[in-house]
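To start, the structure under review is shown below, and the notes come after it.
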Amino acid sequence: MSVQSDDMDSAWVDAGRVRANLVSPTPRTVEPSAVPLMNIANVLTVLRILIVPLFLLALFAAGGHDTGWRIAATALFGIAAVTDRIDGQLARKYGLVTDFGKLADPIADKALIGSALIGLSALGDLAWWITLVICAREIGVTLLRLAVVRRGVIPAGRGGKLKTLVQSLAIGVMLLPLSGAFQTAGLLLMYVAVALTVVTGLDYVVQAARLRFGPVRRS
């Protein structure tokens, strides 16, 4: 009888465990799926890179000062600049950040801005010293980031984002076939962009120096 009683108790215990598992199942750990390489954010980044040669063709078409082609070049530049804003927001909002995007996004930005500045200078619409200052700053900041990457990452601050916005607006205005006060306004806006470029560049130098000679940041 003692054996039979033990068997019955064991059966009741097993049944209780089954009911408990049905009521409150053990939570399962779900591994996050890998972010696909060809997501919408990366597609927009690649699209921006592909727009650059089309933009240059439109900018230099018909001698570089045809009204229709300059408007077309401005439109292409505007589309590319908008994708720069959108792809970053999508990547952060929906978790679409990839190593490819981290590498390709700044390349696309610098290719767009640099080609526009060099194109305008080659056409005589923008002083070469402005183009050289902005391009030198962008190359210098990139080299600084690479130089201190083992000690930490220099994040893009609000000043850098404002600099990019003002640069894009100034280039957009100067690409348009404007004259008189509108052309002067575009040039003044470009001067503001140059000032922001220099100030934010110096800020990157300070941050890089702190990383280089300060304590190593542990992740």
Side-chain angles (χ1 to χ4, degrees), residues 40-52 54-56 58-59 70-94 96-97 101-121 125-142 144-145 153-178 181-208:
I40 183 62
N42 287 346
V43 168
L44 289 175
T45 299
V46 173
L47 176 63
R48 187 160 71 257
I49 295 175
L50 295 177
I51 286 177
V52 171
L54 298 178
F55 159 73
L56 288 174
L59 180 60
R70 287 297 285 260
I71 293 175
T74 305
L76 288 170
F77 180 85
I79 293 171
V82 169
T83 63
D84 177 34
R85 180 73 174 178
I86 295 176
D87 62 3
Q89 291 179 340
L90 290 175
R92 289 186 295 270
K93 183 176 181 180
Y94 297 103
L96 301 176
V97 179
K102 293 177 182 178
L103 176 64
D105 187 68
I107 291 176
D109 297 341
K110 289 173 176 55
L112 179 65
I113 297 295
S115 62
L117 292 171
I118 293 174
L120 286 171
S121 294
D125 296 334
L126 182 66
W128 274 106
W129 71 265
I130 293 178
T131 296
L132 292 176
V133 167
I134 294 177
C135 290
R137 183 269 189 196
E138 299 301 334
I139 295 174
V141 166
T142 300
L144 277 176
R145 282 176 163 170
V153 177
I154 304 177
R158 293 182 179 179
K161 295 177 181 178
L162 178 61
K163 177 267 304 179
T164 302
L165 176 61
V166 176
Q167 281 182 357
S168 298
L169 290 175
I171 292 173
V173 173
M174 297 200 69
L175 285 172
L176 288 171
L178 303 174
F182 292 102
Q183 186 178 24
T184 302
L187 188 57
L188 291 175
L189 193 59
M190 183 61 74
Y191 288 148
V192 174
V194 172
L196 288 172
T197 298
V198 174
V199 170
T200 55
L202 293 175
D203 181 61
Y204 275 107
V205 172
V206 172
Q207 292 187 61

Practice problem: Determine, stepwise, if the pair M190 / I130 fulfils side chain to side chain contact (heavy atoms under 4.5 Å, CB included). | Solution: CA-CA 8 Å; M190 183 61 74; I130 293 178; 3.8 Å; yes
Practice problem: Give the minimum heavy-atom separation between A111 and V52, together with the two atoms involved. | Solution: O-CG1, 4.1 Å
Quiz prompt | L187 to M174 - nearest heavy-atom pair and separation | solution = CD1-CE, 4.3 Å
Exercise. List the steps and the verdict of side chain to side chain contact (heavy atoms under 4.5 Å, CB included) for T164 and D84.
Key: CA-CA 10 Å; T164 302; D84 177 34; 4.3 Å; yes
Quiz item: Is R137 close to V133 at the side-chain level, that is, under 4.5 Å between some pair of heavy atoms?
Solution: no
Quiz item: Any idea which heavy atoms bring A104 and I49 closest together, and the distance?
Solution: O-CD1, 4.3 Å
Quiz prompt | All side-chain hydrogen bond (donor to acceptor under 3.5 Å, both in side chains) counterparts of S168, not counting sequence neighbours | solution = none
Exercise. Mind checking the CD1-CG spacing from I171 to L120? Nearest 0.5 Å is all I need.
Key: 7.0 Å
Quiz item: Between V46 and L50, is a side chain to side chain contact (heavy atoms under 4.5 Å, CB included) present by the stated rule, with each step listed?
Solution: CA-CA 6 Å; V46 173; L50 295 177; 4.1 Å; yes
Quiz prompt | Nearest non-hydrogen partners of Q167 and I134, listed with the distance | solution = NE2-CG2, 3.4 Å
Quiz prompt | Minimum heavy-atom distance between G186 and V173, given as atom pair plus value | solution = CA-CG1, 3.5 Å
Practice problem: Only counting residues at least two apart or in another chain, list the ones meeting side-chain hydrogen bond (donor to acceptor under 3.5 Å, both in side chains) with S121. | Solution: T131
Quiz item: Checking side chain to side chain contact (heavy atoms under 4.5 Å, CB included) for the pair L132/L117: CA distance, chi angles, key distance, verdict?
Solution: CA-CA 9 Å; L132 292 176; L117 292 171; over 6 Å; no
Quiz item: Can you tell me how far the CD atom of Q207 sits from the OG1 atom of T200, to the nearest 0.5 Å?
Solution: 10.5 Å
Quiz item: Can you tell me how far CG of L112 sits from CD1 of I107, rounded to the nearest 0.5 angstrom?
Solution: 13.5 Å
Side chains of residues 73-83: which donor-acceptor partners sit under 3.5 Å, not counting sequence neighbours?
{"from": "T74", "atom 1": "OG1", "to": "R70", "atom 2": "O", "distance (Å)": "2.8"}
{"from": "T83", "atom 1": "OG1", "to": "R48", "atom 2": "NH1", "distance (Å)": "3.4"}
{"from": "T83", "atom 1": "OG1", "to": "A80", "atom 2": "O", "distance (Å)": "2.6"}

Quiz prompt | Shortest non-hydrogen separation from L144 to A208 and the atoms involved | solution = CD2-CB, 3.9 Å
